[in-house]
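Let me begin by presenting the structure, written as structure tokens, before commenting on it.
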Amino acid sequence: MSVVDAPGFILAAPIQVSRRRSATICVSGGAGFLGSHLCTALVERGDDVIALDNFHTGRRANVEHLMGTGHFSLVEHDIVHPLPGDLPAFDEIYNLACPASPVHYQSDPLSTLGICSLGTRNMLERAVHDGARIFHASTSEIYGDPDVHPQPESYWGNVNTLGPRSCYDEGKRFSETLIYEYARRYDVSTRMARIFNTYGPRMQPDDGRVVSNFVIQALKGEDITVYGDGLQTRSFCYVDDLIAGIIGLMESDDPIEGAVNIGNPVEVTVLDLARIVIDMTHSSSRIVHRALPQDDPRRRRPDIGRAHNMLGWAPTIALCVGLQHTIEYFAREIASGDLERGMAERGFIAA
Ligand code: NAD
Ligand code: UDP
């Protein structure tokens, strides 16, 4: 069975995101993988976007193409500190700032906890001050290693509070509670997506995530590193689908309480993903097995009924199509030398 035919794959027309009026929008984490795609979509619609980023895992190059538009600016700022006072009042705030890959969020766990707590609170304070609606990027990680499958929003999760992933899982759970309490106490309009594994161009090559690792390894003819037996599953959403989903959630006029799963319900094993990538890149790479990281979730698949019913949203881009875009992106990065240059700049390989 091809992944496109897999049960649960829903084909729907892509949602058309059209705004009523242009707005002034803040995107924290705007120079990151998802943030840069979000900023691009908003600027293309005619919004004025100010991205805040401390470049911990993001890079200026991700938003270079927006610099001359007259509708975009990039402010270096760490969200654990209150937002600079000289920014304009915002109509909308998207809070995406936070390292997202296990390698990065575990590299400084206390910082990750600070971003999820103090950082989220600072963004909420600004939303209250400006009367802005705020979107928060939560995660499927709040379900931990789930014993309910697929995962609906009503599932409370199965998270180890004392492990290497806890700083992120528990940090994001704390963020959700902050959002919930600010909505109740200050009547601030909030939107919250639980984002499932998302992939596409501008993923960082050195963040250790499975799609970027496998694609780069396959393109270079290196061994493909499958952790454990590779029978653990993930459900991969292409970035364009994800961005359409979160903008649709932010723009919805209906009051939306709580969190909404945004992801692609087509579930694949990590081993099958390795085989698909080898196939698509015509690579000579071998599959090798490495130790499974502690607390690595065994399976993950979103129940997207809520997003479908409330927003009319469903992903439209099949895994093989999204992977093709991603492979082409990394092939270009490798051919131009940008991949190595970027990794050397970030200290991942010797310059
Ligand atoms: P990313 O690491 O590429 O982007 C995060 C951005 O936030 C980077 O530009 C980074 O420099 C910036 N940042 C980090 N700490 C900051 C701070 N203290 N102040 C200001 N900026 C800071 O990650 P991403 O994949 O784009 O993820 C974006 C958001 O989506 C994160 O909140 C993440 O938890 C969430 N998310 C992503 C996925 C996914 O599959 N990509 C899945 C679930 C949730
Ligand atoms: N993984 C793997 N090889 C790699 C990188 C990741 O087998 O080179 C596995 C990892 O153990 C996990 C899955 O792929 O089971 C997804 O990992 P990723 O870090 O992309 O995301 P997350 O674990 O946060 O879902």
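Both ligands and their constituent atoms are indexed starting at 1 by order of listing. Here, residue 1 is the first one in the sequence, and each next residue gets the next number. Not measured: the values here are computed from a predicted model.
Ligand 2 places these atoms under 4.0 Å from at least one heavy atom of Val226: 7 (O). Shown in contact with Pro102 at under 4.0 Å from a heavy atom are these atoms of ligand 2, numbered in order with element: 19 (O), 24 (O).
Among protein heavy atoms, the minimum distance from atom 10 (C) of ligand 2 is reached at Asp296 OD2, 3.3 Å. When only non-hydrogen protein atoms are considered, atom 44 (C) of ligand 1 lies nearest to Ser138 O, 3.4 Å. Scanning the protein heavy atoms around atom 11 (O) of ligand 1, the nearest turns out to be Asp53 OD1, 2.6 Å. In this structure, atom 7 (O) of ligand 2 lies nearest to the protein heavy atom Tyr227 N, 2.8 Å. In terms of protein heavy-atom proximity, atom 16 (C) of ligand 1 is nearest to Asn54 OD1, 3.2 Å. If you check which protein heavy atom lies closest to atom 3 (N) of ligand 2, you get Thr225 O, 2.6 Å.
The proximity of Gln232 to ligand 2, defined as any non-hydrogen pair under 4.0 Å, is limited to the side chain. With a 4.0 Å cut-off on non-hydrogen atoms, Val210 touches ligand 2 through its backbone as well as its side chain. Residue-level proximity to ligand 2 for Asn197 is carried by the side chain, the only part with a heavy atom below 4.0 angstrom. Contacts between Arg165 and ligand 2, counted as non-hydrogen atom pairs separated by less than 4.0 Å, involve the side chain only. Using a 4.0 Å cut-off between heavy atoms, Val270 contacts ligand 2 through its side chain alone, with no backbone atom that close.
Close N/O approach between Asn197 and ligand 1 is not found [any backbone or side-chain N/O within under 3.5 Å]. In terms of N/O distances under 3.5 Å, ligand 1 is approached by Phe33. By the 3.5 Å distance cut-off applied to N or O atoms, Asn95 is not counted among the residues near ligand 1. On a distance-only criterion, Ile115 and ligand 1 share no N/O pair closer than 3.5 Å. The distance criterion of under 3.5 Å between nitrogen or oxygen atoms is met by Leu96 with respect to ligand 1. On a distance-only criterion, Thr139 and ligand 1 share no N/O pair closer than 3.5 Å. Taking any N or O of Ile79, backbone or side chain, at least one lies under 3.5 Å from an N or O belonging to ligand 1. Considering backbone and side-chain atoms together, Gly58 places an N or O closer than 3.5 Å to an N or O of ligand 1. Taking distance alone, with nitrogen or oxygen atoms compared against 3.5 Å, Leu34 approaches ligand 1 more closely than that limit. Considering backbone and side-chain N/O atoms, Arg234 comes within less than 3.5 Å of an N/O atom of ligand 2. For ligand 1, the polar-atom distance check finds no N/O of Ser140 at less than 3.5 Å from any of the ligand's N/O atoms.
In this structure, Asp53 contributes its side chain and Ala31 its backbone to a donor-acceptor pair below 3.5 Å. A donor-acceptor contact shorter than 3.5 Å is absent between the side chain of Asn197 and the backbone of Arg234. Although no hydrogens or angles enter the test, the distance criterion places a donor-acceptor pair under 3.5 Å between the side chain of Thr177 and the main chain of Arg173. Proximity of a side-chain donor or acceptor of Asn158 to a complementary backbone N or O of Asp145 within less than 3.5 Å is detected. Judged purely by atom type and a 3.5 angstrom limit, Asn264 uses its side chain to pair as donor or acceptor with the backbone of Val266.
For the residue pair Asn95 / Ser28, a side-chain donor-acceptor distance below 3.5 Å is found, with atom types taken as modelled. Judged by distance alone, the side chains of Glu181 and Tyr186 never bring a donor and an acceptor atom under 3.5 Å apart.
Residue-ligand proximity: Glu141 is placed with a non-hydrogen atom under 4.0 Å from ligand 2. The shortest separation from a heavy atom of Gly208 to ligand 2 is under 4.0 Å, placing the residue in contact. Note on ligand 1: Met203 sits outside its first shell, no heavy atom being nearer than 4.0 Å. The closest approach between Gly119 and ligand 1 stays at or above 4.0 Å for every heavy atom of the residue. A heavy-atom separation below 4.0 Å is not found between Arg59 and ligand 1. Judged by the shortest distance from any of its heavy atoms, Arg209 lies inside the 4.0 Å radius around the atoms of ligand 1. In this structure, Arg290 has no heavy atom closer than 4.0 Å to ligand 2.
With Thr233 as the partner, the side-chain hydrogen bond (donor to acceptor under 3.5 Å, both in side chains) test is satisfied by one option alone out of Arg300, Glu267, His149: Glu267.
Atom OH of Tyr329 has more than 12 heavy atoms from other residues, nucleotides or ligands within 6.0 Å.
A salt bridge is absent between Arg191 and Glu251; no separation between the charged side-chain nitrogens and carboxylate oxygens falls under 4.0 Å. Salt-bridge check for Asp130 with Arg126: passed, with a basic side-chain N closer than 4.0 Å to an acidic carboxylate O. Checked for salt-bridge contact, Arg194 and Glu141 miss the test: no charged N lies under 4.0 Å from a carboxylate O.
Between His325 and Tyr238, the two ring planes are tilted [angle within 30° to 60°]. Relative orientation of the His56 and His104 rings is tilted, given thresholds of 30° and 60° on the angle between their planes. Between Phe33 and His37, the ring planes lie perpendicular to each other; the angle is over 60°, past the 30° to 60° tilted range.
Nearest-residue assignment for atom 33 (C) of ligand 1 (options Tyr168, Tyr105, Phe236; heavy-atom criterion): Tyr168.
Put simply, the side chain of Thr326 reaches to within 4.5 Å of the side chain of Val211, judged on heavy atoms. With contacts defined as side-chain heavy-atom distances shorter than 4.5 Å, the pair Tyr168/Val159 does not qualify.
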